[in-house]
Protein chains: 2
Amino acid sequence: MELLKERIIKDGRIKGDNIIKVDSFLNHQIDASLMLEIGKEFKRLFVNEHITKILTIEASGIAIASFVALEFGVPLVFAKKTQSLNLDKNTFKTKVYSFTKQVEYDVQVSTSYLGKDDNILIIDDFLANGHAALGLVDLVKQSGASLKGIGIVIEKGFQMGGRILREQHIRVESLAIIESLESNTIIFKE
Amino acid sequence: MELLKERIIKDGRIKGDNIIKVDSFLNHQIDASLMLEIGKEFKRLFVNEHITKILTIEASGIAIASFVALEFGVPLVFAKKTQSLNLDKNTFKTKVYSFTKQVEYDVQVSTSYLGKDDNILIIDDFLANGHAALGLVDLVKQSGASLKGIGIVIEKGFQMGGRILREQHIRVESLAIIESLESNTIIFKE
């Protein structure tokens with residue numbers, strides 16, 4: 001997605017060989033008009049999949065997934081990382097390790113909101129080692145729903161998450177795949 | 001907002017005299033088309049305030065605030081509850097106690113994304129005791145930005161948050177104010 005790649009080049013900040021910060025438009029401060037365009041792009045990519053529900057994980061996936069849900073005209077469900085008194089007792093539950101936060105989370109979705117008649121599109125902002133995506137895939141499997149694909153805004157192609165998911169024959173569509181951040185330069189996979 | 005009140009009556013589930021669960025459309029599963037209408041309503045209410053940025057707190061405020069930001073054509077910033085390696089070192093920071101999660105959080109916003117030239121509209125899904133909103137107000141004050149108001153989807157009018165904020169001469173606009181949940185019945189404030 002050219003608009004996105006241009007924005008990454010313009011506003012992304014490289015921190016070492018592994019980290020690119022895009023928190024000025026994607027995951028701390030958010031450009032809603034860009035999210036609207038991203039929502040349209042995921043609709044175009046998955047339009048034939050009869051998607052009934054969008055699934056993401058709090059927090060930074062929610063803004064993007066909201067616009068994807070708007071385009072598809074289906075509900076968004078976000079998996080919760082923290083225990084809440086207001087969460088249903090009946091949940092699908094899995095564990096996700098976060099490298100950027102260096103903690104392991106219990107991640108949960110109420111059993112009311114994922115079911116075997118659903119066709120699920122998972123959406124997230126980043127794909128790196130794949131832990132968050134694999135956790136969401138596990139929740140979909142527990143629910144008996146059909147996983148139709150995973151839509152990622154930025155994939156770090158030099159980390160293993162994309163390969164692990166695609167080897168499981170999951171359709172992964174990333175709007176920008178970064179092949180390298182070495183020498184302080186962003187190289188996209190074509 | 002009549003559309004919202006009708007939805008609360010249709011899909012809200014009362015749990016005792018204090019709790020109403022709206023997680024089928026507002027804060028776990030999310031109806032994006034309703035969020036779009038909510039975004040338009042907040043635009044109508046605050047259209048004259050020259051808003052430059054929308055501020056919310058992760059996680060359940062993000063979907064709503066995204067659509068408000070889209071309507072105003074300004075960025076959304078969400079305050080982060082958890083430490084992340086990718087968060088800037090320079091942040092405005094405050095503490096927020098969550099009754100539903102029964103923990104106290106450090107809540108942070110990078111100093112890059114709130115500044116003295118900003119006119120801020122705070123958006124959140126719920127207003128009850130006001131702790132989250134007061135934390136966000138504190139972050140706005142630290143930044144030197146102008147607080148133009150607070151937009152809330154559902155205010156629990158029988159709890160003290162709304163009164164505390166309005167006594168500080170902050171403009172609070174709640175799209176639905178629940179006066180009582182007693183006897184398993186939702187009574188809205190007119």
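Letters go in sequence order (proteins before strands), and every chain restarts at 1. The basis for the numbers below is simple: all heavy atoms, side chains too, and nothing from hydrogens, waters or symmetry mates.
- Put simply, the side chain of B/T91 does not reach to within 4.5 Å of the side chain of B/K80, judged on heavy atoms.
- Most heavy-atom pairs under 4.5 Å with chain A, from the set B/S110, B/A69, B/S33, B/S112: that is B/S110.
- Between B/E155 and B/K189, none of the side-chain N atoms (NZ, or NE/NH1/NH2) sits under 4.0 Å from a carboxylate O, so this pair counts as no salt bridge.
- Looking at B/V68, there are no atoms closer than 4.5 Å to chain A (heavy atoms on both sides), in backbone or side chain.
- Residue B/S60 touches chain A through both its backbone and its side chain, counting heavy-atom pairs closer than 4.5 Å.
- Between B/V96 and B/D138 there is no side-chain heavy-atom pair separated by less than 4.5 Å.
- Looking at A/I123, A/D124, A/I120, A/I122 one by one, the single match for side-chain contact (heavy atoms from CB on, under 4.5 Å) with A/I150 turns out to be A/I122.
- A salt bridge is defined here as a Lys NZ or Arg NE, NH1 or NH2 lying under 4.0 Å from an Asp or Glu carboxylate O, and B/D106 with B/K95 meets this definition.
- The aromatic rings of B/Y113 and A/H28 stand perpendicular to each other, their planes meeting at an angle above 60°, with 30° marking the opposite boundary.
- Of the listed residues B/D31, B/I30, B/N27, B/V77, the one with more heavy-atom pairs under 4.5 angstrom with chain A than any other is B/I30.
- Within the 4.5 angstrom heavy-atom criterion, atoms from both the backbone and the side chain of A/S24 approach chain B.
- Residue contact with chain A, scored on non-hydrogen atoms closer than 4.5 Å, is absent for B/K15.
- Using a 4.5 Å cut-off between heavy atoms, B/L70 touches chain A through backbone and side chain atoms alike.
- Ranked by heavy-atom pairs under 4.5 Å with chain A, the list B/A65, B/A63, B/A79 is led by B/A63.
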